[in-house]
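Numbering of ligands and ligand atoms starts at 1, following listing order. Counting from 1, the numbers follow the sequence of the chain as shown.
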Amino acid sequence: MNVYDSDRMQSILNAKGFRSEPELRKADVILINTCSIRDKSEHKVLSLLGELKGLKQKDPKKVIAISGCVGQRMGRTLLQRVPHLDLVLGPDAIDRVAELIESVVDRGERLVEAKFDTEGRKYSQPCLVNRAKPSEFLTIMKGCDHFCTYCIVPFVRGREKSRSIEEIIQDVKNLVAKGTQEVTFLGQNINTYGKGTGQKLSELIEAANKVEGLKRIRYLTSHPRDLGEDLITQFGTVEKLCPQLHLPFQSGSNRILKAMARLYTQELYLNKIELLRKACPDIALSTDVIVGFPGETEEDFEQTLKVLSEVKFSSAFMFKYSPRPGTKAMDLGEEVCESVKEERLARAQRVVYSQIELENLKYRNQIIPVLIESMDKKKKFFSGRTTHSKLVHVMNVGEASVGKIIDVEITDSNVSCLKGFYVGAPKTSIKLTANSGGVESGISSSVSAPLD
Ligand code: 5AD
Ligand code: SF4
C-alpha cells in the first residue's frame, strides 16, 4: 500500500512540475513515506531523519517531509522532536502533498496535516499513475475495523472506507490501455471491501474478470474470518483470478489467537485452507506469522509450527512481535524475551524454508508462463512471476520481453526463486547462487536471490 501511495504522491508532484531527483543531496524536497507496523520500521525513519540534519544545515531552504503512518502516529510530536523537519502528513493527506509542500516553500511554515477522513463508508480516489507497469497495485479501500490487539493499522489508517466498483474498473481499464497485464487489488482487510456501500469484493473480481486485455487478478490482504464462500469459490471459477492467496494466520494457538482478538481458531483457519484447496487444488498459499506475542509459551508456539508444517505455504512473512504504542497488547505484560523470540523465529523459518525449497524443486523441467516485469540492474536477466506468484529469473530474454507473458522452462531453483529459459530462444547459461535474502526479521520466498 505504501508503494501505491508513494507512486500516487509522485504523480501528483510531477503534475505540479516537481521532478524526481534520485540523489538525496541534490533534491530541494525530501519526502519520506513511512511505515509504523513494527518498531524497527519506525526506527529506520528516525535514524534517516537524523542523517538528513547535516543536509538541512548546509541548505536551510531544503524541505524535509514525512508522510504515511509514522506521520499519522507521531504528528506534532515528530515536528517537535526533529527541528529540521518541515512537514508531517498522514495517509489521508497524501492527495494534498503538493499544496502542503508549496505552503512550506512559499511561507516557510512548518506544518502538520494528520486528520482522518471520517465521513461515511465511501471515498473516491481515482488512480493517477500515468505510467503503467506490467503488474500494478491498485488500492480499493483504506483503513481497518478489526483492532487485532498487536496492530497499529486501525490507529494510523482509520476505519474501513471503500472506493466504488465503477471507479476501480475505470482505473483497471486505463491501466490495461497503457499496457498493464496484471492488477493486485489492495486493502488492509480486503474481504470486507464495500462494507456499508452495498458492493462486494466478489462482484469487483467478476467485473475485473470481464475487462478485455487484463490477464491476471490478485488481491491482498485477506482475513481468515472474513474470507467468505463466494470468494473461495471464485478460485475455481474465475478465469483471470490467479491461483494464489495471502491468508495470514499469525498464530496456531487458540489461546494466543484469542489474546490477539483475531476472531477465529486454528480449526477454522485449517478449514478455510481445506475449502480453498477443494475449490482450487493447486492454489499457492502465503501467510504472516508473529512469534513471541505476550504470553506465548513453547506449547503455543508448537501450534504455530504445526500449522506451518500442515499447510505447507509457498511463502511466509514471519515477524517477532513488536509492541506498538496505544495497542491493547502493550498492556498485556508477559513479554517474551528477545532471545526466545529469535529462537522461535529461526525455528519457524527453518520449517518454511525447507518446504519452499522442496516445492520449488518440483518446478524444475516444467514449462510455465511468466509475466516479465523487470530487468536486473546489469541487464543480465529479466524477472517475472508465475500465476502462483513464484519469482522467476529468465536468462535468455531481452528488454522487449518486459510486459509479456512468455513460456519459461525452469532449469534451476532455490528457496527464493526459480531460474529458467524462454522456450522460444537459445539457452545461455548463468549460475544461480543460493541466497535466500530476508525481509525485516522474516523471510519471503518472493525475495529475489542474486545471480552471478
Ligand atoms: N509486531 C509484529 N508483527 C506485526 N504485524 C502487525 N503488527 C505487528 C506487530 N506489532 C505483522 C502481522 C501482519 C503483518 C502485515 O505485519 O503479521 O499480518
Ligand atoms: Fe491489523 Fe490486519 Fe488486524 Fe486490521 S486485520 S487490525 S490490519 S492485523
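- Set against the non-hydrogen atoms of Phe147, the atoms of ligand 2 under 4.0 Å away are 6 (S).
- Under 4.0 angstrom from ligand 2, the non-hydrogen atoms of Val153 all belong to its side chain.
- Using a 4.0 Å cut-off between a side-chain N of Lys or Arg and a carboxylate O of Asp or Glu, Glu182 and Arg385 do not qualify as a salt bridge.
- By the 6.0 Å and 45° rule, Arg38 stacks over the aromatic ring of Phe319.
- With respect to atom 15 (C) of ligand 1, the closest heavy atom belonging to the protein is Asp288 OD2, 3.8 Å.
- No cation-pi contact links Lys390 to Tyr363, judged by a cut-off of 6.0 Å to the six-membered ring centre and 45° from its axis.
- Heavy-atom neighbours of Glu229 CD from other residues, nucleotides or ligands within 6.0 Å: at or below the threshold of 12.
- Contact between Arg157 and ligand 2 is absent, with no heavy atom of the residue lying under 4.0 Å from the ligand.
- Checking only distances, Ser322 does come within under 3.5 Å of ligand 1, N or O to N or O.
- Side-chain contact check for Glu267 and Asn254: at least one donor-acceptor pair (N or O, by modelled atom type) lies under 3.5 Å.
- Residues Ser413 and Arg364 have side chains that bring a donor and an acceptor to within less than 3.5 angstrom of each other.
- Residue contacts to atom 3 (Fe) of ligand 2: Cys151 brings no N, O or S atom closer than 2.8 Å.
- Of all atoms in ligand 1, listed by their number and element, those nearer than 4.0 Å to a heavy atom of Ile290 are 3 (N), 4 (C), 5 (N), 12 (C), 17 (O).
- Judged by distance alone, with hydrogens and angles left aside, the side-chain atoms of Glu113 form no donor-acceptor pair with the main-chain N or O of Leu89 at under 3.5 Å.
- Within the 3.5 Å criterion, the main-chain N or O of Phe249 finds a donor-acceptor partner in the side chain of Thr287.
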_Trace of the side chain to side chain contact (heavy atoms under 4.5 Å, CB included) decision for Glu342 with Lys320_ = CA-CA 7 Å; Glu342 295 272 358; Lys320 291 182 286 184; 3.0 Å; yes
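- In Tyr150, the parts holding a heavy atom less than 4.0 Å from any atom of ligand 1 are both the side chain and the backbone.
- The atoms of ligand 1 that sit less than 4.0 Å from any heavy atom of Tyr321 are 1 (N), 2 (C).
- Residue Gln250 places at least one N or O, backbone or side chain, under 3.5 Å from an N or O of ligand 1.
- Contacts of Pro248 with ligand 2, taken as heavy-atom pairs under 4.0 Å, are absent altogether.
- In this structure a side-chain-to-backbone donor-acceptor pair under 3.5 Å is present from Ser253 to Ile256.
- Scanning the protein for heavy atoms near atom 3 (Fe) of ligand 2, the closest one is Cys148 SG, 2.3 Å.
- At a 4.0 Å heavy-atom cut-off, ligand 2 touches Cys144 through the side chain alone.
- The proximity of Tyr150 to ligand 2, defined as any non-hydrogen pair under 4.0 Å, is limited to the side chain.
- Those atoms of ligand 2 with a heavy atom of Pro154 less than 4.0 angstrom away are 6 (S).
- A distance of 6.0 Å or more separates the ring centres of Phe137 and Tyr4.
- Residues Gln125 and Arg163 have side chains that never bring a donor and an acceptor to within less than 3.5 angstrom of each other.
- If you check each of Glu160, His146, Arg225, Gln188 against atom 2 (Fe) of ligand 2, the one with the closest non-hydrogen atom is Gln188.
- Every atom of ligand 1 with a heavy atom of Arg324 under 4.0 Å away is listed here by number and element: 10 (N).
- Looking only at heavy atoms of the protein, atom 4 (C) of ligand 1 is closest to Arg38 NH1, 3.4 Å.
- Proximity of Lys320 to ligand 1, defined as any heavy-atom pair under 4.0 Å, is confined to the backbone N, CA, C and O atoms.
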